[in-house]
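The structure appears below as structure tokens.
Residue numbers begin at 1 in each chain, while the letters A, B, ... track the order of the sequences. This is a predicted model, so every value here is computed, not measured.
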Number of protein chains: 2
Amino acid sequence: MKWKELEEEPCSMARTIGVIGDRWTLLILRECFLRTRRFEGFQSALGITRHLLAERLKKLVRQGILRRIPYQESPKRHEYILTQKGIDLYPIMMAIVHWGDTHMVDERGRPLLHQHRKCGKDFDPVMVCSECGEPLSAKEVHTHPGPGARSLPEKSALETRKAKARSRAA
Amino acid sequence: MKWKELEEEPCSMARTIGVIGDRWTLLILRECFLRTRRFEGFQSALGITRHLLAERLKKLVRQGILRRIPYQESPKRHEYILTQKGIDLYPIMMAIVHWGDTHMVDERGRPLLHQHRKCGKDFDPVMVCSECGEPLSAKEVHTHPGPGARSLPEKSALETRKAKARSRAA
DNA sequence: TTTGACAGTTCCATTTTAGAACTATAAGGT
DNA sequence: ACCTTATAGTTCTAAAATGGAACTGTCAAA
């Protein structure tokens, strides 16, 4: 499976990973949520090479996750801000942070706390069912094919590969 | 920033990304949640090279996300199953899938639906505040340093890099 | 005795990334 | 006029990661 193909897989997870599933992209998005907007800002906060930063920003703009907006003429300068599609990545970011807070902190505790303006308290993000509001756990969820599924999606991919292997062997 | 350093950054997101923030690792974890347990299963479902698969599985075991359990003697065979630490990644997976369901589906609709056994309905995952139960949005969250924060974390990293740049120039 | 399943390991070519230097435009100081 | 700084890139080469295929070893079944 090549990376281009990922975005065409009949799997929302594979498609999403094709867009944001690499280390620098995720860190760039972290910075976006921390209000970084400019090239130099990303570069110095992350220590990413300028080459890769330029390339990743272009990709995020192409994908409609960031918008490139001019903030001055001569010399032309732009800043990168999250679109709604980008802002919608927030639950992913929070889920990642929360797992790190649970499993990767050292003895000193969490590096960052999150306060909910509405209720004023420091909180953890909790994932719940949109229908009944109960917290979700993997065991309570049953996965079944939706309208966009290929017929027998995993099997067909598997069989395709096996067929290829057979034809090579012949 | 090298990848080893990531896991030592005072940022739960960076640390988590250091562990699961690459494309193959995320796809391997998807398979784990879909009940794949064996080497050949991962390999044929994903089309990953055997070399990388072996390497990634080892890393996930080292990190305590998978456990390698013997399921037969002679020849020795093992299967890989999620630990609790691994199962705790579920909200990240669901958040990724949900973003894809919202922004990456084609005209045919979602490839997979999720049914909540407790209430019997197909659902979307929603992220809420642990304290007040309200759905979260990025704008309503204020981030502030916790006990594990470095003093002025971003600034210090930035200054370190600037100092380096200066000393190179001199 | 051969074939096939399984779980890897090894090897080489190709692709990506790291690291540093270079380009370009303009403002501001001296 | 000349030098420095800020900003946003681009270009170059060496090092690292990945892809692709073949190979190893153990055992069961045909």
Side-chain angles (χ1 to χ4, degrees), chain A residues 1-6 17-18 21-28 31 36-61 66 68-81 158 160-162 164-170, chain B residues 1-6 17-18 21-28 31 36-61 66-81 158 160-170:
Chain A
M1 180 156 34
K2 305 236 179 63
W3 284 117
K4 275 295 163 109
E5 298 170 42
L6 251 195
I17 290 171
D22 81 282
R23 290 150 133 144
W24 285 125
T25 300
L26 287 165
L27 289 171
I28 288 167
E31 288 305 308
T36 299
R37 292 152 172 263
R38 301 184 183 176
F39 193 92
E40 294 294 321
F42 291 109
Q43 205 281 320
S44 61
L46 298 175
I48 184 176
T49 64
R50 310 176 73 76
H51 179 64
L52 273 196
L53 176 57
E55 196 265 325
R56 292 291 196 277
L57 288 172
K58 262 181 208 157
K59 181 172 177 188
L60 287 167
V61 169
L66 296 179
R68 190 162 170 270
I69 311 251
Y71 69 89
Q72 70 169 43
E73 293 294 319
S74 79
K76 283 209 170 186
R77 294 283 182 256
H78 302 83
E79 50 190 13
Y80 297 89
I81 65 164
L158 179 81
T160 305
R161 261 185 290 279
K162 286 201 174 174
K164 261 195 209 168
R166 273 194 298 273
S167 71
R168 271 197 307 274
Chain B
M1 182 154 36
K2 304 236 180 63
W3 284 116
K4 275 297 163 103
E5 299 171 43
L6 252 196
I17 291 171
D22 81 281
R23 291 152 134 146
W24 285 125
T25 300
L26 287 165
L27 289 170
I28 289 167
E31 288 306 307
T36 299
R37 293 152 172 263
R38 301 185 184 176
F39 193 93
E40 295 292 321
F42 291 108
Q43 206 281 321
S44 61
L46 297 175
I48 184 176
T49 62
R50 310 175 73 77
H51 178 64
L52 273 196
L53 176 57
E55 195 265 324
R56 291 291 196 278
L57 288 173
K58 261 181 209 158
K59 181 171 176 187
L60 287 167
V61 169
L66 298 178
R67 205 191 317 278
R68 190 160 171 273
I69 311 253
Y71 70 89
Q72 69 170 42
E73 293 293 319
S74 78
K76 282 208 170 185
R77 294 282 182 259
H78 301 83
E79 50 191 13
Y80 297 89
I81 66 163
L158 180 80
T160 305
R161 261 187 290 279
K162 286 201 173 173
K164 261 194 208 169
R166 273 194 297 274
S167 70
R168 272 197 306 273

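A:T25 OG1 to A:I17 CD1: the interatomic distance, rounded to the nearest 0.5 Å, is 12.5 Å. Between the CG atom in A:L66 and the CZ atom in A:R56 there is a gap of 13.0 Å [rounded to 0.5 Å]. If you take CG on B:L60 and CZ on B:R68, they are separated by 13.0 Å, rounding to the nearest 0.5 Å. Between A:S44 atom OG and A:E31 atom CD the span is 8.5 Å, to the nearest 0.5 Å.
Residue A:K58 places none of its side-chain N or O atoms closer than 4.0 Å to OP1 or OP2 of D:dA8.
Side chain of B:Q43 to backbone of B:I48: a donor-acceptor contact under 3.5 angstrom is found.
For B:R50 and C:dC11, the CZ to C1' distance is 15 Å, given to the nearest whole Å. For the pair A:R37 CZ and D:dA6 C1', the computed distance is 19 Å after rounding to whole Å. Note: CD (B:E40) to C1' (C:dA5) measures 7 Å, nearest angstrom. Atom pair A:H78:NE2 and D:dA8:P shows a separation of 10 Å (rounding to whole Å applied). Between the C1' atom of D:dA6 and the CD atom of A:Q43 lies a distance of 13 Å, rounded to the nearest Å. Atom pair B:L46:CG and D:dT18:C1' shows a separation of 15 Å (rounding to whole Å applied).
Of all heavy-atom pairs spanning B:Y71 and B:E79, the tightest one is CD2-N, 3.7 Å.
By the 4.5 Å heavy-atom criterion applied to side chains, B:R77 and B:F39 are not counted as neighbours. At a threshold of 4.5 Å between non-hydrogen side-chain atoms, the residues B:L46 and B:T36 do not count as touching.
B:F42 comes within contact range of no nucleotide atom at all, as no heavy-atom separation falls under 4.0 Å.
Counting distance only, with no hydrogens placed and no angle test, the side-chain atoms of B:R38 and the base atoms of C:dA7 include no donor-acceptor pair under 3.5 Å.
Of the N and O atoms on the side chains of B:R37 and B:Y80, not one donor lies less than 3.5 Å from an acceptor on the other residue.
With DNA chain C read from its 5' end, the first of the two nearest nucleotides for B:Y80 and A:R77 is the one closest to B:Y80.
Only B:S74, listed by number, bring a heavy atom of residues 66-74 of chain B to less than 4.0 angstrom from any atom of DNA chain D.
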Which atom pairs link the protein and nucleotides 15-18 of chain C when you take only N or O atoms and keep those under 3.5 Å?
residue : atom : partner : partner atom : Å
C:dT17  : OP1  : A:R56   : NH2          : 3.1
C:dA18  : OP1  : A:W24   : NE1          : 3.4
C:dA18  : OP2  : A:W24   : NE1          : 3.1

